[in-house]
Structures are given as C-alpha cells and as structure tokens.
Amino acid sequence: MIKPEAMAAGHAGKILDLVLSKGFRLVSLKFTQLSEQEAGKFYEVHKERPFYRDLVNYMASGPVLAAILEKENAVQDFRALIGATDPAEAAEGTIRKRFAESKAKNAVHGSDSDENAAIEGAFFFTGREQY
Ligand code: CMP
C-alpha cells in the first residue's frame, strides 16, 4: 500500500515503477480511501501500541494505492525493497529512504508474512479483482 503522504506528494508513479522494475507482478490495484473504522481494523494488531490512534487517523487522512503483488519470495523481497520502518534507518536506494517522511509517515506498507498478505489482500480486493 502506498500511504497518504506519499500519494499527496505525488510519489505514487515513481514508487509503482520501481516496484514493477524489480520483478513484482500486479495482481490487483486500487485507488481508495480508508475510513477511520477500516484503518483501525487494518492495523488492529497494533491496537495496544501508543501510536495506534495517530496511525489510524493518518491512514484515513487521504487516499492510498492498495496493491496485491506476486513474485517468488514476494514478502521478503518487498520488505527489502521498502527498507526499515524508520526512513532514518532504511538502506540507500530503498523506497522508504527515498520517499518516506518519518517513521509514522513512511510512504509504504508491506505485509509481513504470506498469511497476512492473504488477509490484507482480501481486505482490499474481492476475488474478481485479483488477476
Ligand atoms: P507499517 O509497515 O505500515 O506497519 C505499522 C505502522 O505503524 C508502520 O508502518 C508505521 O507507519 C507505524 N509505526 C510503527 N512504529 C511506529 C512508531 N514508533 N511511531 C509511530 N508510528 C509507528
């Protein structure tokens, strides 16, 4: 998912181009905006964290670009491509190093396991929206 601040800054095209150039195939793509309730559900695992409320408000603050991507080792390779959660700690050339504003506004989200990728994909896309 490309997050609201990166969308607002006009980084979506460059980020998507970079992702596709690294061999990820697009299965689904959607320009949409989460309600606070939906953002709260998407990030439910972080409910007890001190940043949860701010995270939910921010993720509902503007449109996002949600995608399902396919590749061998997709979860691991995508996480390597986006870099550390905090752009200050992200490696050179990673998406967060190039495009993220801060640890909270960090440009992109990537699923942390195949299991969560399936759950998060189904959150945004019906079966008929997956190709
Ligand atoms: P993401 O990969 O989408 O998963 C959870 C998100 O919570 C994370 O990216 C950040 O946007 C946010 N987050 C994680 N840790 C912090 C933190 N310490 N302070 C603020 N936001 C955080």
Side-chain angles (χ1 to χ4, degrees):
M1 174 169 32
I2 302 180
K3 297 186 176 186
E5 108 280 2
M7 295 298 291
H11 296 321
K14 281 185 211 139
I15 292 173
L16 196 54
D17 187 46
L18 196 53
V19 170
L20 297 180
S21 77
K22 297 291 179 185
F24 292 87
R25 188 181 81 77
L26 269 181
V27 174
S28 308
L29 186 66
K30 187 178 285 184
F31 183 47
T32 187
Q33 183 162 355
L34 296 170
S35 66
E36 281 186 27
Q37 194 183 9
E38 289 167 330
K41 182 156 177 44
F42 188 86
Y43 280 113
E44 209 164 23
V45 293
H46 296 300
K47 207 162 55 186
E48 305 304 327
R49 310 287 283 273
F51 56 80
Y52 177 70
R53 205 14 64 196
D54 285 346
L55 175 63
V56 167
N57 289 339
Y58 155 60
M59 290 303 298
S61 69
V64 299
L65 199 64
I68 297 177
L69 303 169
E70 192 172 73
K71 185 182 183 297
E72 281 283 310
N73 267 323
V75 165
Q76 205 180 328
D77 288 358
F78 191 72
R79 292 176 77 75
L81 175 61
I82 67 180
T85 304
D86 186 343
E89 291 164 17
E92 274 314 315
T94 60
I95 290 174
R96 284 172 170 157
K97 181 72 175 184
R98 286 180 63 182
F99 299 110
E101 258 182 53
S102 64
K103 190 171 189 177
K105 297 183 176 179
N106 62 354
V108 283
H109 167 80
S111 303
D112 62 6
S113 65
D114 285 348
E115 189 193 1
N116 282 337
I119 293 168
E120 292 175 356
F123 179 92
F124 280 108
F125 302 99
T126 66
R128 289 192 57 218
E129 293 171 322
Q130 301 181 28
Y131 298 97

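Only this structure's heavy atoms are used, side chains among them; waters, hydrogens and symmetry mates stay out. Throughout, residue positions are numbered sequentially from 1 according to the sequence presented.
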- Please tell me if the side chains of T85 and R96 come closer than 4.5 Å, counting only heavy atoms from C-beta onward. yes
- Query: Do L16 and F99 share a hydrophobic cluster (ILVMFWY, side-chain heavy atoms under 4.5 Å, transitive)?
  - Reply: yes
- Looking at F24, is K71 sitting on its ring face, NZ or CZ under 6.0 Å from the six-membered ring centre and within 45 degrees of the normal? yes
- Of all residues at least two apart in sequence or in a different chain, which pass the salt bridge (charged side-chain N to carboxylate O under 4.0 Å, His left out) check with R79? none
- Are F51 and K103 close enough that some pair of their side-chain heavy atoms sits under 4.5 Å apart? no
- Any side-chain heavy-atom pair of V19 and I95 under 4.5 Å: yes
- Can you find a pair of side-chain heavy atoms, one from F123 and one from K41, that are under 4.5 Å apart? yes
- Indicate yes or no for a side-chain donor-acceptor contact from S28 to the backbone of I68 under 3.5 Å, with no hydrogens or angles considered. no
- Message: So that I can tick it off, tell me whether K22 and D77 are bridged by a salt bridge, with the cut-off set at under 4.0 angstrom between side-chain N and carboxylate O.
- Response: no
- Message: For L26, is there any backbone N or O sitting under 3.5 Å from a side-chain donor or acceptor partner on Y131?
- Response: no
- Item | Shared hydrophobic cluster for F42 and I2 (ILVMFWY, side-chain gaps under 4.5 Å) | no
- Would you mind reporting whether Y43 and H109 have side-chain heavy atoms less than 4.5 Å apart? yes
- Between S61 and P4, which heavy-atom pair has the shortest distance, and what is it? OG-CB, 3.7 Å
- Task: Quickly, which of E5, E101, K3 forms a side-chain contact (heavy atoms from CB on, under 4.5 Å) with N106? Name it, please.
- Result: K3
